Colleague: 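Here it is: the structure, laid out below.
These values consider heavy atoms only, across backbone and side chains, with no hydrogens, waters or symmetry-generated copies. Everything numeric here is computed off the predicted structure, so don't read it as measured data.
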Amino acid sequence: MSLLVLALTTAFSAPSAPAQTTAAEVVPASAFVLDCQISGQSLTDCRVVDADPTTDVRAAKALRLAADIQVPQTLAASNPGRIKIKLNVNP
């Protein structure tokens, strides 16, 4: 009998489940393929392959991001030509 009382007391005093929260609005990232020249340890002469940066704000942002990428020395030494990279751009 005391075991049953203890079980009921525990069940009623247990913390309730947390209130459900609404998920934040998720804005998908846009992915762009860029064709860039490796020059030293930086990327130069980048072009967006699959969008027009003059009309697409995110494509223009991808070009700005690519200008700030530093290429590891080993990659620059092994591939002194052009490289294609894929950048995900958040709004």
Side-chain angles (χ1 to χ4, degrees):
M1 177 79 155
S2 65
L3 215 54
L4 180 61
V5 172
L6 180 61
L8 288 174
T9 306
T10 306
F12 288 120
S13 64
S16 61
Q20 289 193 354
T21 59
T22 58
E25 183 180 330
V26 178
V27 179
S30 299
F32 297 99
V33 176
L34 281 78
D35 180 32
C36 300
Q37 175 72 36
I38 296 179
S39 177
Q41 287 187 294
S42 61
L43 297 175
T44 59
D45 189 33
C46 290
R47 299 181 195 125
V48 181
V49 174
D50 53 354
D52 183 9
T54 59
T55 59
D56 190 343
V57 175
R58 290 184 182 181
K61 185 175 180 180
L63 280 177
R64 289 191 304 272
L65 289 172
D68 293 335
I69 293 176
Q70 289 191 347
V71 179
Q73 187 174 8
T74 55
L75 178 63
S78 67
N79 186 8
R82 298 193 71 82
I83 188 172
K84 288 189 180 181
I85 60 172
K86 180 180 177 182
L87 285 178
N88 291 329
V89 179
N90 292 326

Colleague: Under the disulfide bond (SG atoms under 2.5 Å apart) definition, can you give me all pairs with a residue in residues 51-91, not counting sequence neighbours?
Modeller: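 Found none.
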Colleague: Show me the donor-acceptor pairs, under 3.5 Å and distance only, between side chains in residues 84-91 and residues at least two apart or in other chains.
Modeller:
none

Colleague: For residues 51-91, which residue pairs qualify under disulfide bond (SG atoms under 2.5 Å apart), counting only residues two or more places apart or in two chains?
Modeller: none
Colleague: Only counting residues at least two apart or in another chain, list the ones meeting side chain to side chain contact (heavy atoms under 4.5 Å, CB included) with T44.
Modeller: Q37, S39, S42
Colleague: Where is the tightest heavy-atom contact between A59 and F32, given as atom of each residue plus distance?
Modeller: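 Smallest heavy-atom distance, with atoms named: N-CZ, 3.6 Å.
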Colleague: Could you pull out all donor-acceptor pairs under 3.5 Å where a side-chain atom in residues 63-79 meets a protein atom, sequence neighbours excluded?
Modeller:
residue	atom	partner	partner atom	Å
S78	OG	T74	O	3.1
S78	OG	L75	O	3.2

Colleague: Under the disulfide bond (SG atoms under 2.5 Å apart) definition, can you give me all pairs with a residue in residues 27-65, not counting sequence neighbours?
Modeller: C36-C46
Colleague: Listed by chain and number, what are the salt bridge (charged side-chain N to carboxylate O under 4.0 Å, His left out) partners of D35, not counting sequence neighbours?
Modeller: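 D35 satisfies salt bridge (charged side-chain N to carboxylate O under 4.0 Å, His left out) with R82 once adjacent residues are dropped.
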Colleague: Given I38 and L43, is the side chain to side chain contact (heavy atoms under 4.5 Å, CB included) satisfied, shown in steps?
Modeller: CA-CA 5 Å; I38 296 179; L43 297 175; 4.0 Å; yes
Colleague: Taking disulfide bond (SG atoms under 2.5 Å apart) as the cut-off, I'd like each qualifying pair that reaches into residues 55-91, sequence neighbours left out, listed once.
Modeller: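 Sorted result for residues 55-91: empty, none.
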Colleague: Got a sec, which residues hit side-chain hydrogen bond (donor to acceptor under 3.5 Å, both in side chains) with D50, two or more places apart in sequence or on another chain?
Modeller: none
Colleague: For T55, what residues pass the side-chain hydrogen bond (donor to acceptor under 3.5 Å, both in side chains) criterion, not counting sequence neighbours?
Modeller: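 Partners of T55 under the side-chain hydrogen bond (donor to acceptor under 3.5 Å, both in side chains) test: none.
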